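Here is the structure we will look at, set down as structure tokens.
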Amino acid sequence: MPELPEVETTRRGLQPHVVGRNIQSIDIRQPRLRWPVPGQINNLVGATVISLQRRAKYLLMHTDKGHMIWHLGMSGSMRILPQQQASVAHEHIQITFDNHTSLRYRDPRRFGALLFCKNDPLQHELLARLGPEPLSEAFNAAYLHQRCQGRNSAIKTLIMDSHIVVGIGNIYACESLFLSAINPKTRAGRISKQRCQRLVQAIKEVLRQAISQGGTTLQDFSQADGKPGYFAQSLHVYGQQGSCSRCGSKIKRITQGQRSTFYCSTCQH
DNA sequence: AAAGACACCTGTCCGC
DNA sequence: TGCGGACAGGTGTCTT
């Protein structure tokens with residue numbers, strides 16, 4: 001489910017409610033997520049939250065006693081609710097703060113994760129070798145073009161590889177390629193630097209727009225206040241069964257790397 | 001080293 | 001109304 005815009009939306013929604021708060025209790029109702037929730041998480045009772053950071057699709061909650069690394073997987077979401085409010089189905093983790101509010105982590109498919117890190121979580125093995133943030137200066141045409149050299153994989157698969165660039169999932173990969181008029185099947189090594197420039201700009205534009213809309217809600221994503229994201233109405237190709245908004249041709253659906261790809265074969269070359 | 005398949009898990013939707 | 005199958009926003013790991 002959540003790609004970079006949804007994770008960033010979650011971070012912005014949670015931040016004012018968690019920073020500065022003291023953790024009163026941690027309730028792990030279901031420890032079997034993608035990896036078992038480590039017992040050291042319980043060491044964070046009594047800790048004070050210092051900041052909430054995003055790196056790729058991970059949320060890093062820094063406290064004065066260690067760090068939590070959260071991932072929302074395909075179906076995860078996080079909300080702030082009154083401590084007393086009853087939990088709903090698949091609400092696996094509850095962290096209660098000193099002001100009687102609580103953070104709830106819900107994840108029906110359990111592809112998400114909560115990990116503990118004593119020191120700098122950016123050095124954790126899952127994060128240490130990630131590519132640049134797509135909205136940073138480091139992600140530019142020269143960089144992408146260089147990483148495309150000698151690669152036979154389709155450009156869509158390549159931009160979804162977190163070791164190339166982080167945060168781009170299936171929705172925004174499809175949308176970015178539509179916006180830059182590039183066929184998703186194009187071999188990465190055959191894309192000119194000029195087209196890399198167009199693609200980089202499209203990725204940044206799509207992600208910025210999606211963040212400003214609170215992300216994309218297809219089924220179960222919700223922001224930290226429970227509202228859906230509104231970017232779904234801005235999608236040009238992802239999940240579309242009708243015709244291209246630009247030329248009227250029927251949107252095509254193919255499979256790449258076991259994922260659905262949507263594109264317009266007239267507009268995208 | 002790179003590319004592709006597979007695994008993890010639950011819910012929803014569609015056709016019969 | 002019920003059932004089987006396909007599909008879903010991710011990504012580490014294993015196999016070619």
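Numbered from 1 within each chain, the chains take letters A, B, ... in sequence-line order. Computation of the quantities below employed the complete heavy-atom set of this structure, encompassing side-chain atoms and omitting hydrogens, waters and symmetry-equivalent molecules. Here the structure is a predicted model, which means the values were calculated and not measured.
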Nearest-neighbour nucleotide for the A:Arg253 side chain, B:dA3, C:dC7, C:dG12 considered | C:dC7
Nucleotide C:dG9, atom C1' - distance to CG of A:Leu59 in whole Å = 15 Å
Which whole-number value in Å describes the distance from A:Glu6 CD to C:dG10 P?
-> 9 Å
May I have the distance from A:Leu115 (atom CG) to C:dG12 (atom P), rounded to whole angstrom?
-> 11 Å
Give me the ring orientation class for A:Tyr105 and A:Trp70: parallel if the planes are under 30° apart, tilted from 30 to 60°, perpendicular past 60°.
-> tilted
Under the 3.5 Å Watson-Crick or G-U criterion, the dot-bracket string of DNA chain C, with | for inter-strand pairs = .|||||||.|||||||
Touch class at under 4.0 angstrom, heavy-atom based, for A:Asn152 against every strand present | sugar-phosphate
Sugar-phosphate only, base, or nothing, as touched by A:Arg129 at under 4.0 Å among non-hydrogen atoms | nothing
Is there a side-chain polar atom (N or O) of A:Thr216 under 4.0 Å from OP1 or OP2 of C:dG9?
-> no
Side chain of A:Pro108 only, please: which of B:dG11, C:dG12, C:dG9 is the nearest?
-> B:dG11
Are A:Val45 and A:Val19 co-members of a hydrophobic cluster defined by side-chain heavy atoms under 4.5 Å apart?
-> yes
Sugar-phosphate only, base, or nothing, as touched by A:Gly257 at under 4.0 Å among non-hydrogen atoms | nothing
Separation of C:dG10 atom P from A:Asn170 atom CG, nearest Å, is 6 Å
Calculate the interatomic distance between A:Ile159 atom CD1 and C:dG9 atom P; express it in whole Å.
-> 14 Å
Classify the nucleic acid contact of A:Arg110 as base, sugar-phosphate or nothing, counting any heavy atom under 4.0 Å across all strands shown.
-> sugar-phosphate
Verify the neighbour count for atom CZ of A:Arg29: are there more than 12 heavy atoms of other residues, nucleotides or ligands below 6.0 Å?
-> yes
Does A:His90 put a side-chain nitrogen or oxygen below 4.0 Å from OP1 or OP2 of B:dG11?
-> yes
Report which part of the nucleic acid A:Arg151 touches: base, sugar-phosphate, or nothing (heavy-atom distance under 4.0 Å, all strands).
-> sugar-phosphate
What is the distance from CG of A:Leu72 to P of C:dG9, rounded to the nearest Å?
-> 15 Å
Give, for atom CZ of A:Arg54 and atom CD of A:Glu8, the distance between the pair rounded to the nearest 0.5 Å.
-> 5.0 Å
Could you tell me whether A:Ser260 contacts a base, only the sugar-phosphate backbone, or nothing, with contacts defined as non-hydrogen atoms closer than 4.0 Å?
-> sugar-phosphate
Under 4.0 Å: is that the gap between some side-chain N or O of A:Arg32 and OP1 or OP2 of B:dC8?
-> no
Look at the side-chain heavy atoms of Ile, Leu, Val, Met, Phe, Trp and Tyr, link any pair under 4.5 Å apart, and say whether A:Ile203 and A:Leu130 land in one connected group.
-> no
Quick one: does A:Arg109 reach the base of C:dA8 with a side-chain donor-acceptor pair under 3.5 Å?
-> yes
Nucleotide nearest A:Ser153 (side chain, heavy atoms from C-beta), chosen from C:dG9, B:dA3, B:dC6 | B:dA3
Value for CG (A:Leu59) from CZ (A:Arg11), rounded to nearest 0.5 Å, stands at 8.0 Å
When rounded to whole Å, the CG to C1' distance for the pair A:Leu158 and B:dA3 reads 11 Å
Using the rule for Phe, Tyr, His and the six-membered ring of Trp, do A:Phe111 and B:dC9 stack at under 5.5 Å and under 30°?
-> no
Rounded off to whole Å, could you give me the CD1-to-P distance for the A:Ile164 and C:dT11 pair?
-> 14 Å
Using distance alone, with no hydrogens and no angle criterion, decide if A:Ser77 and A:Arg106 have a side-chain donor and acceptor under 3.5 Å apart.
-> no
Linking I/L/V/M/F/W/Y whenever their side-chain heavy atoms sit closer than 4.5 Å, directly or via other members, would A:Leu135 and A:Phe231 fall into one cluster?
-> yes
Using a 4.0 Å heavy-atom cut-off across all strands, classify A:Tyr58 as base, sugar-phosphate, or nothing.
-> sugar-phosphate
